[in-house]
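Take a look at the structure set out below.
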Amino acid sequence: MAQSRYNARDRESHWQKIWDEKKLFVTREDAGGPKYYVLEMFPYPSGRIHMGHVRNYTMGDVVARYKRARGFNVLHPMGWDAFGMPAENAAMARGVHPAEWTYANIDAMRTQLKALGLSLDWSRELATCDPEYYAQEQKLFLDFLEAGLVSRRSAKVNWDPVDHTVLANEQVIDGKGWRSGALVEQRELTQWFFKISDMAEELLQALDALKRWPEKVRLMQRNWIGKSEGLQFKLDVIDADGGPAGELEVFSTRQDTIFGMTFCAVSIDHPLAIEAAKSNEALGAYIEECRRSGTTEEALEKAEKTGHELGLRVAHPFIEGKSVPLFAANFVLMGYGTGAIFGCPGHDQRDFDFCKTLGIDIIPVVAPADLSGPALEEYIAAYSDRAEIYDGEGVLINSDFLDGLTIEAAKQEIARRFEAMGKGTRKVNYRLRDWGISRQRYWGCPIPVIHCAGCGVVPVPESQLPVTLPQDVTFDKPGNPLDRHATWKNAACPKCGGDARRETDTFDTFVDSSWYFARFCSPRADVPVAREAADYWLPVDQYIGGVEHAILHLLYSRFFTRAMKQTGHAGLSEPFDGLFTQGMVNHETYKLQDGSWVTPSDVRLEGEGGARRATHAETGARVIIGPVEKMSKSKHNTVDPEDIIGHFGADTIRWFMLSDSPPERDVQWTDAGVEGAWRFVQRLWRLMDRARDWIVPHGSEMPGELSEAALRLRGVSHRRLQSVSEAIESLKFNVAVAQVHEFTRVIEAVVGNPEFENDEGVKWAAREACELAIGMFGSMMPHLGEECWSMLGHDRLLAETPWPEADPALLVEDMVTIAVQVNGKRRDELTVAQDASKEDIEAAALKLENVLRAIEGRDIKKVIVVPQRIVNVVV
RNA sequence: GCGGACGUGGUGGAACUGGUAGACACACGGGACUUAAAAUCCCGAGGGGGUAACCCCCCGUGCGGGUUCGAGUCCCGCCGUCCGCACCA
């Protein structure tokens, strides 16, 4: 028996089979209990799971198992974000159909996930590429369309002229298509949009109420929405002869600095610039030059602020007879505000830089309120020589009727005057733009509309849904297979019955993932969501995923939920009540001398610390150990979870993923760490194996009298139970792991200890301790949990056993050890009764030898006693 | 540039609302068991100094100040690392 070991592979599949047979993890919703919806971001079916998945799904599983044991009806589903480009790329590269490739990947990954022993309800599995799913998505779209949440208009897109396709911004690298390498063009295409910008204010405001979201994510969304309040107003333009030449509309959040205006500028894409360029060759050349140079991020960063005069001037709205030059400038964006600005170099860094290069006047119009007299004059005189503008609080100067006003008051005054003149309005601008959802792709959800020459855009009637993808498509040519399919796009107009053409664009795959959490509530319903189920389960109580989705996916889902509410498909606005973003899994990188990457499994490591050396296992070539980076295929620093599961089992990999690193931070994968987890699995098993015959039998009554040792053990057990519960509840899995380690040591010291051989109370308390320990680690290592649980004589599965309740009476320790300080320095410690009086503690503390020595006979000024914490003697 | 997070032993990290800094783990060293190894178990360990020894003293949570009886924790100012956004008017 001493030689026996826990055979993880064998026992894990055993318990998985039993859970499966008993349908333990199929969602229960009729028990009338409280509900808990825990969801991890569903994976893209790339074909293999990676460590990031393991970490993500393990965390979710601990929560799910914990909540289930706590008596909640738990919804813990899994599905596949199954549409998208990789399937088409595989089709192009290997001639396999995207559907075939995708479903094969799903099968492979499902098997891998099942091997992890996750308590998922597989009966609710869904794949977004399944017509059953996307049919409902099409229904949602039609309802959104009817509700005015969708628009169709022309927009600029990144167009790859070789692949004949639109590229997402991330797919454009240095101005070139990531696949074709062709220079990407900006094209105007008619596109479908979700009107998310109409909800900008609502999406921004509601962030404050998302208390269980990381502050970081809320902040990122806030920045992304980018609200700014200001004034949009018109300025008079005058031509070279001084005659009126129309108006220039600008947006500013600092209209108070209007008296500091020394120039105006428009974007190179602004109609005024384009018009002026027609008769101004030099200007045209400048605009062309800007277009060419402005693609790469690096170029943008280093680009100096340049401009070219339009040959027009702009009249100052409040200074009779004053006018300023008008430029086309490379730093003014067409996509924000009106594409035109008034330049105030005094209090805008960009304008300041611009004017310094071009030698334009700089007039400070705001000064710190405490400056006056000579100091103020000095401030004004030295202003142009500063390196940076002043943009702090202050009062207006050099500004006629605004002089002496605060910035805020001046803003109001200028806004009031423009409004009175009928030339301006207060306006709120958002950076958030509408969500373009059209993709010229095959492997996505078809947009259910028909284009008719006579009737225009006609929605596909619900009776004709779903619009399914044709099977017979080819990928041998670039472009959209749907578009060149012989017959698919031919359709009769639902309105007039005449010949018409199907929309051949498909949805951005972010559409698919914007509502899957709602679909999980009723995955087989013939409506997008069955309201009763959704009203019960939503919102998701705990959503867990990578921070890389902090903006797009989470913002889109928030929009979608609101849109679903508007169209009666949901009863709430916010889909995710609690959000947790876990860190990445990192690993060392390895390179050969020639710079090529080497996979960890091909590397042999020797030595330690600075003397660590790495060689190539096969060739013996010298390998350079590189920095620790996120596991990625491109750097070949991945470790395949399947190998680890095959070697050590699921519990080991799960335990390692939860150990050490706080879950929101990155974790470094190390072989030593996994081996440590493996040893602990064995150690727990051996402990329970040893304990089974030593502790009292299963079901024994608690002895009437417990020895001090037994009581002490019970206290430790219950306090541990309490702290581990709290750690899991707050997702501090690394802390929970540490506590289990600690508790295990305590039990090991008791079980089999001859000192307690005849102490039935200790043996009873030891059983209690073992059982509580199993409960604690059972949510993290569920197979080992079941194994140990049954070893101790239980027939009922651990997965069916409620979470134990800590006995409040046992949570307080009778004796506490507190530190005794003299002048804030710890000199000794004191063990006293938990409820000892301040006076008693003080008296006892002042008798301690170390304390007396530290006092050295000096006068005691004060003694601070904080019961159960500390004593501080001040001399 | 703007915004945010973080900085604790050789390493990952603990430390509740300010109250014994370094829990727990990894790596390391020593020992036990063994013919040997693996596995396992026990012990040690922030740095420095003192003592024959039980032990004792000094320093120590990026750096410099401050508040407090008491600061890893709070405040001010630096430095560094990471992340997000980026000419957003």
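Only a predicted model underlies this, so the values are computations on that prediction, with no experimental measurement involved. Letters A, B, ... are given to chains in the order of the sequence lines, protein chains preceding strands, and every chain is numbered from 1.
- At a cut-off of 3.5 angstrom, the base of rC87(B) holds at least one donor-acceptor pair with the side chain of K305(A).
- Checking S267(A) against Y336(A) by side-chain atom types alone, no donor-acceptor pair falls below 3.5 Å.
- The residue N850(A) sits close only to the backbone: its heavy atoms come under 4.0 Å of sugar-phosphate atoms, none of a base.
- If you take atom C1' in rC58(B) and the same atom in rG44(B), they sit 23 Å apart, rounded to whole Å.
- Between K825(A) and rC59(B) there is a side-chain polar atom (N or O) within less than 4.0 angstrom of OP1 or OP2.
- For the pair D671(A) CG and rA27(B) P, the computed distance is 11 Å after rounding to whole Å.
- Comparing Q821(A) and V873(A) along RNA chain B, the residue whose closest nucleotide (by nearest heavy atom) sits nearer the 5' end is Q821(A).
- In rG9(B) the O4'-C1'-N dihedral to the base is within 90° of 0, which defines a syn nucleotide.
- R827(A) has a side-chain polar atom (N or O) that falls below the 4.0 Å cut-off from OP1 or OP2 of rC57(B).
- Between the CD1 atom of I864(A) and the P atom of rG70(B) there is a distance of 8 Å, rounded to whole Å.
- Between R826(A) and rA21(B) there is no side-chain polar atom (N or O) within less than 4.0 angstrom of OP1 or OP2.
- Phosphate proximity of rC55(B) to R853(A): absent, as no side-chain N or O sits under 4.0 Å from OP1 or OP2.
- In this structure, rG3(B) forms a base pair with rC83(B), meeting either the Watson-Crick or the G-U wobble geometry with both donor-acceptor distances under 3.5 Å.
- The partner of rG22(B) cannot be assigned: no Watson-Crick or G-U wobble pair with both contacts below 3.5 Å exists in any strand.
- The side chain of K732(A) lies closest to rA15(B), out of rA15(B), rC83(B), rC87(B).
- Of the candidate nucleotides rU17(B), rA15(B), rG13(B), rG13(B) has the atom nearest to the side chain of P662(A).
- In this structure, rA37(B) makes no Watson-Crick or G-U wobble pair, since no nucleotide meets both defining distances under 3.5 angstrom.
- Between the side chains of R665(A) and Q582(A), no donor-acceptor pair is found at a separation under 3.5 Å.
- Taking atom C1' in both rU20(B) and rG12(B), the straight-line distance is 24 Å, to the nearest Å.
- The side chain of R431(A) places an N or O atom within less than 4.0 Å of a non-bridging phosphate oxygen (OP1 or OP2) of rA86(B).
- A side-chain donor-acceptor contact under 3.5 Å links D666(A) and N586(A).
- Distance noted for atom P between rC56(B) and rA45(B): 14 Å (whole Å).
- V250(A) comes within 4.0 angstrom of no nucleic acid atom, judged by non-hydrogen atoms across all strands.
- Pairing for rG44(B) goes to rC28(B), judged as Watson-Crick or G-U wobble with the two contacts each under 3.5 Å.
- The listed nucleotides are rG4(B), rC87(B), rA89(B); the one nearest the side chain of T253(A) is rA89(B).
- Within 4.0 Å of T670(A), counting heavy atoms only, lies no atom of the nucleic acid at all.
- Checking S228(A) against T253(A) by side-chain atom types alone, no donor-acceptor pair falls below 3.5 Å.
- For the P atoms, the distance linking rG9(B) with rG13(B) amounts to 11 Å, nearest Å.
- Distance CD (Q739(A)) to P (rA15(B)): 9 Å, rounded to an integer number of Å.
- Note on N734(A): only backbone sugar-phosphate atoms sit closer than 4.0 angstrom, heavy atoms only; bases stay farther off.
- Heavy atoms of I341(A) sit under 4.0 angstrom from at least one base atom.
- The side chain of S228(A) places an N or O atom within less than 4.0 Å of a non-bridging phosphate oxygen (OP1 or OP2) of rA89(B).
- On the C1' atoms, rC28(B) is 22 Å away from rA21(B), given to the nearest whole Å.
- As rounded to whole Å, 16 Å separates atom C1' of rC57(B) from atom CG of N823(A).
- Nucleotides rG48(B) and rU11(B) have their P atoms positioned 15 Å apart, rounded to a whole Å.
- Ring-plane geometry between F680(A) and H741(A) is classed as tilted, the angle between the planes lying from 30 to 60 degrees on a 0 to 90 degree scale.
- Closest heavy-atom contact between F233(A) and L235(A): CE1-CD2, 3.8 Å.
- rC74(B) and rG7(B) have their P atoms separated by 10 Å, given to the nearest Å.
- The side-chain tip of R431(A) points at the ring of W224(A) from less than 6.0 angstrom away and within 45° of straight on.
- Checking rU20(B), rU17(B), rC87(B) against every side-chain atom of A819(A), the shortest atom distance belongs to rU20(B).
- When the nearest nucleotides of RNA chain B are assigned to I870(A) and D660(A) by heavy-atom distance, the more 5′-ward of the two goes with D660(A).
- Between D828(A) and R853(A) there is no salt bridge, since no side-chain nitrogen of the basic residue lies less than 4.0 Å from a carboxylate oxygen of the acidic one.
- Ion pairing between E229(A) and R426(A) fails under the 4.0 Å rule for side-chain N and carboxylate O.
- The nucleotide whose nearest atom lies closest to any side-chain atom of R350(A) is, among rG3(B), rC24(B), rA89(B), rA89(B).
- Ring orientation note: the planes of H316(A) and F259(A) are tilted relative to one another, at an angle of 30° to 60°.
- Taking atom C1' in both rG72(B) and rG19(B), one finds a spacing of 13 Å when rounded to whole Å.
- Atom P of nucleotide rC85(B) and atom CG of L555(A) are separated by 13 Å, given to the nearest angstrom.
- Across the protein-nucleic acid pair, E675(A) atom CD and rU11(B) atom P stand 21 Å apart, rounded to whole Å.
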Report all interatomic pairs (protein N or O, nucleotide N or O of nucleotides 40-51 of chain B) with separations under 3.5 Å.
residue, atom, partner, partner atom, Å
rU40(B), O3', R686(A), NH2, 3.1

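- Atom CG of L219(A) and atom C1' of rC85(B) are 10 Å apart (whole Å).
- A straight line from CG of N872(A) to P of rA71(B) spans 9 Å, rounded to a whole angstrom.
- Considering only the side chain of S661(A), rG12(B) comes nearest among rC88(B), rA15(B), rG12(B).
- Ring geometry, H347(A) versus Y390(A): the interplanar angle exceeds 60°, so the pair is classed perpendicular (tilted spans 30 to 60°).
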